[in-house]
Amino acid sequence: MKLIFRPYSKTSFGLSLGLTTFYLSCLVIIPLSALFFKSATLGVSGLWDVFSEERIKQALYLSFGAGGIAAIINLFVGFLFAWVLVRYDFPGKKILDSLVDLPFTLPTAVAGIALTTIYAPNGFIGKYLTPYGIKIAYTPIGIVIALVFIGFPFVVRTVQPILEDLPKELEESAYCLGASRFQTFTKVILPELVPSLLAGTSMAFARGIGEYGSVVFISGNLPGKTEILPLLIVTKLEQYEYAKATGIAVLMLVLSFAIMFGINYLQNRASRRLG
């Protein structure tokens, strides 16, 4: 008896495509469209007034600046953690591996309160830094630490499986051809990891600029100093200024999309270079 395998029918494809489009529309397209329509009620001049407000500009610089710095830190620290977890065996490795996912499972408000308790002037670590004039909580430094904490697992979990699947024969061949450890890392290992590093860093950055719960406690919410854009959106909503709140959200959306588009372009370019 000869078995004949036929491709999926057009009916099943149409049904799957319809469900996918409906799901995407309900969760992404319709809410984003409503966001743009609501902010459009301000008009061009009204939107310009919102974007040119000094308080909003300071919050914009802080949110994207702190998010970018935290993403760069996570790039190096996350890669180091992934390298240690994959390449070395040591007591407590499984415990350390499970702790990497703690920021995923921990509520963001709990993380913010915990970080504030640690780095406040009377906290476990803050009380030792205060006599030297070093202040972490209620400063941009505290915001960066909070964003590093919540974005750190993205890089680790993105790079770790690539390292595990990387054939050791490539390194051994490089050693046999006379390459040093540094040359092997930069010419053989690192190019294979660039797409995953960019992907993890971009996810950490995207999570950071939109983070609210873990930042609102440790930042202190000082206008013009430690006030982030998500907090401004909440403030405008509490003041029933819905159009201004959606205007700030549109600004964040456009800038985030532009940055993510650039990162994805670099990631695809690196992937094509690797074949």
query: Is there a side-chain contact between Leu190 and Phe79 (heavy atoms, below 4.5 Å)?
result: no
field: Nearest heavy atoms of Met260 and Phe205, plus distance in Å
entry: SD-CD2, 4.5 Å
- prompt: Is the backbone N or O of Ser214 less than 3.5 Å from a side-chain atom of Glu211, with the two atoms forming a donor-acceptor pair by type?
  reply: yes
- request: Carefully, step by step, assess Leu106 and Phe149 under the rule side-chain contact (heavy atoms from CB on, under 4.5 Å).
  value: CA-CA 11 Å; Leu106 192 67; Phe149 176 78; 4.1 Å; yes
- prompt: Would you say Leu99 and Val77 are hydrophobically clustered, going by side-chain heavy atoms of ILVMFWY under 4.5 Å?
  reply: no
message: Same cluster or not: Ile228 versus Ile69, using hydrophobic residues (I, L, V, M, F, W, Y) connected whenever any side-chain heavy atoms lie under 4.5 Å apart?
response: no
Check: Thr226 and Ile143 side chains under 4.5 Å, non-hydrogen atoms: yes
- prompt: Would a distance-only check, ignoring hydrogens and angles, find a side-chain to backbone donor-acceptor pair under 3.5 Å from Ser63 to Leu229?
  reply: yes
message: Is there a continuous path of hydrophobic side-chain contacts, each under 4.5 Å between heavy atoms, that joins Val86 to Phe76?
response: yes
- prompt: Is the Tyr240 ring parallel, tilted or perpendicular to the Tyr242 ring (thresholds 30°, 60°)?
  reply: perpendicular
Heavy-atom closest contact (Ala146 atom, Val215 atom, distance): CB-CG2, 4.3 Å
- line: Scanning both residues in full, the closest heavy-atom pair of Arg55 with Pro223 reads NE-CB, 4.1 Å
- request: With side-chain contact (heavy atoms from CB on, under 4.5 Å) as the test, would you mind laying out the steps for Phe154 and Ser202 before giving the verdict?
  value: CA-CA 9 Å; Phe154 288 99; Ser202 63; over 6 Å; no
- prompt: Is there a side-chain contact between Trp83 and Ile189 (heavy atoms, below 4.5 Å)?
  reply: yes
- prompt: Would a distance-only check, ignoring hydrogens and angles, find a side-chain to backbone donor-acceptor pair under 3.5 Å from Ser98 to Ile95?
  reply: yes
query: Nearest 0.5 Å, what's the CD1-OG1 distance between Ile218 and Thr139?
result: 7.5 Å
- prompt: Which distance, rounded to the nearest 0.5 Å, do you find between the OG1 of Thr235 and the CD of Glu241?
  reply: 10.0 Å
- prompt: Where the side chain of Lys93 meets the backbone of Tyr88, is there a donor-acceptor pair that is under 3.5 Å apart?
  reply: yes
task: For the residue pair Asn122 and Lys127, establish whether any side-chain heavy-atom pair is separated by less than 4.5 Å.
output: no
message: I need the minimum non-hydrogen distance between Ala120 and Tyr138, along with the two atoms involved.
response: CB-OH, 4.4 Å
message: Whether the side chain of Lys135 engages the backbone of Thr130 through a donor-acceptor N/O pair (distance < 3.5 Å, no angle test) should be reported.
response: no
- request: Mind running side-chain contact (heavy atoms from CB on, under 4.5 Å) on Thr117 and Phe124 for me, showing each step along the way?
  value: CA-CA 7 Å; Thr117 303; Phe124 297 123; 4.2 Å; yes
task: Return yes when atom NZ of Lys225 has more than 12 non-hydrogen atoms of other residues, nucleotides or ligands closer than 6.0 Å, and no otherwise.
output: no
field: ILVMFWY network linking Leu193 to Met203, side-chain heavy atoms under 4.5 angstrom
entry: no
Hydrophobic cluster identity match, Leu251 and Val234, side-chain contacts under 4.5 Å: no
task: Could you check if a side-chain atom of Phe81 sits within less than 4.5 angstrom of a side-chain atom of Leu96, using non-hydrogen atoms only?
output: yes
field: Intermediate values then yes/no, ring-ring contact (aromatic ring centres under 6.0 Å, His included), Phe152 and Phe104
entry: CA-CA 10 Å; Phe152 161 74; Phe104 284 150; 9.5 Å; no
Heavy-atom pair with the smallest gap, counting every atom of Asn221 and Val216: ND2-O, 3.2 Å
statement: CG of Leu129 to OH of Tyr119, rounded to nearest 0.5 Å, is 9.0 Å
query: Between Ile150 and Pro103, what is the shortest heavy-atom contact and its length?
result: CA-CB, 4.1 Å
- prompt: Given the rule in the side-chain contact (heavy atoms from CB on, under 4.5 Å) test, do Phe37 and Thr246 qualify, once you have shown the distances and angles that lead to the verdict?
  reply: CA-CA 9 Å; Phe37 282 127; Thr246 54; over 6 Å; no
- request: Side-chain contact test, heavy atoms from C-beta onward, threshold under 4.5 Å: evaluate it for Phe90 versus Val84 and give yes or no.
  value: yes
- prompt: Out of curiosity, Ile162 CD1 to Glu192 CD, how far, rounded to the nearest 0.5 Å?
  reply: 9.0 Å
query: About how many Å separate CD1 of Ile248 and CG of Leu231, when rounded to the nearest 0.5 Å?
result: 10.0 Å
query: Got a salt bridge between Lys94 and Asp89, using NZ or NE/NH1/NH2 to carboxylate O under 4.0 Å?
result: no
message: Just so I know, are the side chains of Asn74 and Thr201 near enough to count as touching, which here means a heavy-atom distance under 4.5 Å?
response: no
query: Quick one: does Phe217's side chain get under 4.5 Å of Leu115's, heavy atoms only?
result: no
query: Atom CD1 of Ile136 and atom OG1 of Thr116: how far apart are they, to the nearest 0.5 Å?
result: 11.5 Å
field: Intermediate values then yes/no, side-chain hydrogen bond (donor to acceptor under 3.5 Å, both in side chains), Gln160 and Arg157
entry: CA-CA 5 Å; Gln160 188 175 2; Arg157 294 311 184 203; 2.5 Å; yes
